Structure formats: structure tokens, C-alpha cells
Amino acid sequence: MTISEEILAIANQLANQGKQPSVALVKAKLSTNTPLPTIINILKSWQHDPNYVSPTFSQQSQNNQELLTPESRALTELISSALAPIEKELAEIKQLLNELIKKG
């Protein structure tokens, strides 16, 4: 998979999760160190395609998870559990904002 394909797949995965793909979020998920201008240029032309999430990328992510040490796996779980309430609250805020916008 090329770096462009990987960036596009990550952007689509993030969008499918309801997140706005950003340079920082994409860079954090990339399998290789990639220059910021490359990520920026690809994200500028990115169009959300919910069906474009490469199976090879999903397999690669699964393989990367298997390579994590117990300490890094525990840290990843800790971060995820700490972010869960924030993500829930953000979703509620977005919903309330959309309701306010509809009311005019």
C-alpha cells in the first residue's frame, strides 16, 4: 500500500467514526514516518468515501496491535478509556448544537 492510499484509508476510517480527519490524527495512525506536507496535500484533496477502507490496512493495524508490548497495550487502553467520556460529551454537544441550529 502506498503512503497516499494509507492516508486516504485512515482519513475514511476517522470520518466513519464521526471524527474530522486532521493532520495530527492521521500522522498518529500512519505506519511510517511521513512528512507533514505530504499528509497536508493528500488531505486537501481527500473526499470521504465510507467504503474505501483498505483491507490490507486493517490487517496491518491488527498486526501492529499484536506487536505491542504489554506496557504499551495497557497505556493505549488507559488513553482510550480516558478519552471515551470526552468523546461522548463532544457527541452530546454536537447534537445540542445541531438542535439549536435547526431551531434557528
Side-chain angles (χ1 to χ4, degrees):
M1 172 184 302
T2 67
I3 193 65
S4 296
E5 292 171 332
E6 186 176 358
I7 291 170
L8 294 173
I10 291 169
N12 284 315
Q13 285 179 341
L14 290 167
N16 290 345
Q17 295 169 1
K19 299 175 184 175
Q20 176 64 37
S22 67
V23 174
L25 286 174
V26 171
K27 185 169 180 65
K29 293 183 175 280
L30 286 170
S31 62
T32 60
N33 194 9
T34 305
L36 290 178
T38 302
I39 299 169
I40 293 167
N41 287 334
I42 294 169
L43 284 179
K44 279 183 183 178
S45 62
W46 168 76
Q47 295 285 326
H48 184 213
D49 178 2
N51 297 318
Y52 183 75
V53 181
S54 175
T56 56
F57 178 71
S58 298
Q59 181 65 37
Q60 183 179 11
S61 292
Q62 184 177 0
N63 291 343
N64 288 346
Q65 286 292 331
E66 292 169 2
L67 296 175
L68 290 176
T69 65
E71 294 84 10
S72 60
R73 191 174 295 122
L75 181 59
T76 300
E77 290 173 11
L78 178 64
I79 291 169
S80 294
S81 65
L83 288 177
I86 296 169
E87 290 173 342
K88 181 180 177 187
E89 187 173 354
L90 180 60
E92 291 171 1
I93 291 170
K94 285 181 178 180
Q95 182 182 359
L96 290 171
L97 182 59
N98 285 332
E99 290 173 9
L100 285 173
I101 291 171
K102 287 179 185 175
K103 288 182 180 179

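Only heavy atoms go into these numbers, but all of them, side chains included; no hydrogens, no water, no symmetry mates. What you see is a predicted model; the values in this text were computed from it and never measured.
By the side chain to side chain contact (heavy atoms under 4.5 Å, CB included) test, I86 is found to be paired with L83, residues two or more places apart in sequence or in another chain being considered. In this structure, the side chain to side chain contact (heavy atoms under 4.5 Å, CB included) partners of K19, at least two apart in sequence or on a different chain, are L14, Q17, E87. Remark: T2 pairs with S4, E5 by the side chain to side chain contact (heavy atoms under 4.5 Å, CB included) rule, at least two apart or across chains. Listed by chain and residue number, nothing satisfies the salt bridge (Lys or Arg N to Asp or Glu O under 4.0 Å) test with K27 (two or more places apart in sequence, or in another chain). With sequence neighbours excluded, no residue forms a side-chain hydrogen bond (donor to acceptor under 3.5 Å, both in side chains) with N41. Judged as a side chain to side chain contact (heavy atoms under 4.5 Å, CB included), and not counting sequence neighbours, P85 has no contacts.
Under the 4.5 Å side-chain heavy-atom criterion for ILVMFWY residues, a single connected hydrophobic cluster contains both L36 and I7.
Interatomic distance, L100 CG to I93 CD1, rounded to the nearest 0.5 Å: 11.5 Å. The structure places CG of L43 at 11.0 Å from OG1 of T38, a figure rounded to the nearest 0.5 Å. Atoms OG and CD1, from S45 and I40 in turn, are 12.5 Å apart once rounded to the nearest 0.5 Å. In this structure, CG in L8 is found 11.5 Å from CD in Q13, a value given to the nearest 0.5 Å.
Residue pairs meeting the ring pair (Phe, Tyr, Trp, His ring centres under 6.0 Å) criterion with at least one partner in residues 70-104, sequence neighbours excluded, are absent. For residues 32-46, no residue pair satisfies the salt bridge (charged side-chain N to carboxylate O under 4.0 Å, His left out) rule, not counting sequence neighbours. Pairs passing the ring pair (Phe, Tyr, Trp, His ring centres under 6.0 Å) check and including a residue from residues 1-48, sequence neighbours excluded, read W46-H48.
Counting non-hydrogen atoms of other residues, nucleotides and ligands closer than 6.0 Å to CD of E89 gives a total of 12 or fewer. In this structure, E92 places its CD atom where more than 12 heavy-atom neighbours from other residues, nucleotides or ligands lie under 6.0 Å away.
The backbone N or O of L30 sits nowhere less than 3.5 Å from a side-chain atom of E6 that would complete a donor-acceptor pair. Between the side chain of T34 and the backbone N or O of T32, at least one donor-acceptor pair lies under 3.5 Å.
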